[in-house]
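The shown structure was predicted, so the numbers you read here are calculated from the model rather than taken from an experiment.
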Amino acid sequence: MKKRFILFTAIIIAVSVSLLLAGCNIFDFASDVEKSPTERAEDAIRDGNYAKAKDELADAVADSTDAMALYLSAKIALLENGIDLAKIAELVEKQEDIENGSNLAILELIDEMSDTEKTDWYHANMDVRAIISKIWEEKTNGLLEKDDIALDYTISNMMSGVLGLRDTNRDGDINNNDFQINLSFIEDLGSSSTDGFNFDGAMIKDESGIVVEDMKFEGLTIFLGEWQGTAKAAAETYHYTPNDINQLLAFVLSLLDDGAESLTMFLGDVDSSFDIEDIEENMTEIASIINYYWYHDGVDNDNDGRVDEEMINGKDDDNDGLIDEDSHYHPADPINSENEVITNFIHVYEKWQLRQY
């Protein structure tokens, strides 16, 4: 049982004892006046009145040191958007059942939603991780501690990262200004016979959510933007450069790294009904394969003994089962020259290189 449930029991016992010592009639319910803001917020949450719950917590959340108030405000953010962290954890836990060529289970769930729903989930998870990170960083007071919120923090970080793959221009909204990267499962990757996920292309949808047939891109070629000239509409709308690959990877992998750190604590300190080892394995697998795709950074991202060997051309140039991974300088990039190496993201790469399985 998670630690916070033990703590809640202790709170109930302590309150009961204090009422007896004070000579109160324990058969009388406390009035709203006698309840604390967090107690009134919990009542409002149970009633589904999230607006009232937020009002009750406003002062405590503004102070930013009340751990329980922060935790409840994070819970409200999820409930308002219909997000069930337990369901998400279950999907990740069962990812091992995926078949060759299939998509990531979480992305399949997300891609069934409208862009509005995706954005709401994205904002909610980003809000949750920002709120409870204060508890994780031990900047709060109260009964809740790091290990009490470890799984919540893990899942919110992981979901923010996965949803970040759908916010390709990183403006905080998932809409028609973003393209959809395909992240599919592959088997027997390269000569090492490992499994993993692969960026195998991207697509652009119209305002009705229908894929535009002449706007399907192989590998990471969509990041070539106007230079590619495949479709006039794409050139007018998507002004990406190859270096934007690194910007996106850094954002996603940094979130997954935060989640992996909290999951490690959860593995050691708390019993759970979930198979946490499976969640850890799948998070590491997702991030490790994404880590292969750094652009022009002067390192051997895919561990094949070669550095920046792929062209961004939608083809498997080195015959390892991956497309456009560990790519080198492309003339579409206006920021860098053939002799310059992008190094400002190497620290993010190295963190996940250490997690290789």
Single hit among D317, N301, D302 for side-chain contact (heavy atoms from CB on, under 4.5 Å) with E309: D302
From CA spacing to verdict: side chain to side chain contact (heavy atoms under 4.5 Å, CB included), H123, D173: CA-CA 8 Å; H123 289 174; D173 293 314; 3.4 Å; yes
Full working for side chain to side chain contact (heavy atoms under 4.5 Å, CB included) between D244 and Y295: CA-CA 9 Å; D244 288 316; Y295 161 72; over 6 Å; no
So, [X] side chain and [Y] main chain: donor-acceptor pair closer than 3.5 Å or not?
X: D178; Y: N169; answer: yes
X: D167; Y: G164; answer: no
X: N157; Y: Y153; answer: yes
X: D308; Y: G298; answer: yes
X: N291; Y: A287; answer: no
X: D316; Y: G321; answer: yes
X: W121; Y: N81; answer: yes
X: S156; Y: N125; answer: no
X: T221; Y: G314; answer: no
X: H296; Y: H330; answer: no

What are the two closest non-hydrogen atoms of [X] and [Y], and how far apart are they?
X: N177; Y: Y240; answer: O-OH, 3.9 Å
X: S160; Y: Y122; answer: O-CE1, 3.7 Å
X: L253; Y: W352; answer: O-NE1, 3.1 Å
X: V128; Y: A77; answer: CG2-CB, 4.1 Å
X: D300; Y: R306; answer: OD1-O, 2.8 Å
X: L224; Y: P242; answer: CD2-CG, 3.9 Å

Modelled atom types, side-chain donor and acceptor of S114 and T116, under 3.5 Å: no
Criterion side chain to side chain contact (heavy atoms under 4.5 Å, CB included) on D120 and M113, from CA distance to verdict: CA-CA 10 Å; D120 288 344; M113 303 176 181; over 6 Å; no
Same cluster for [X] and [Y] if Ile/Leu/Val/Met/Phe/Trp/Tyr side chains link at under 4.5 Å?
X: M126; Y: I155; answer: yes
X: L72; Y: Y50; answer: yes
X: I323; Y: M203; answer: no
X: V299; Y: L248; answer: yes
X: M311; Y: I245; answer: no

Pair D43 + R40, salt bridge at N-O below 4.0 Å: no
D55/K52 salt bridge by N-O under 4.0 Å criterion: no
From CA spacing to verdict: side chain to side chain contact (heavy atoms under 4.5 Å, CB included), R166, I181: CA-CA 7 Å; R166 291 292 176 256; I181 294 175; 4.2 Å; yes
Atom [atom1] of [X] and atom [atom2] of [Y]: how far apart are they, to the nearest 0.5 Å?
X: M158; Y: R129; atom1: CE; atom2: CZ; answer: 13.5 Å
X: Y293; Y: F199; atom1: OH; atom2: CZ; answer: 7.0 Å
X: K146; Y: E138; atom1: NZ; atom2: CD; answer: 5.0 Å
X: D324; Y: F223; atom1: CG; atom2: CZ; answer: 10.5 Å

Aromatic centroids of F345 and F251 separated by under 6.0 Å: no
F217 ring center near F179 ring center (under 6.0 Å): no
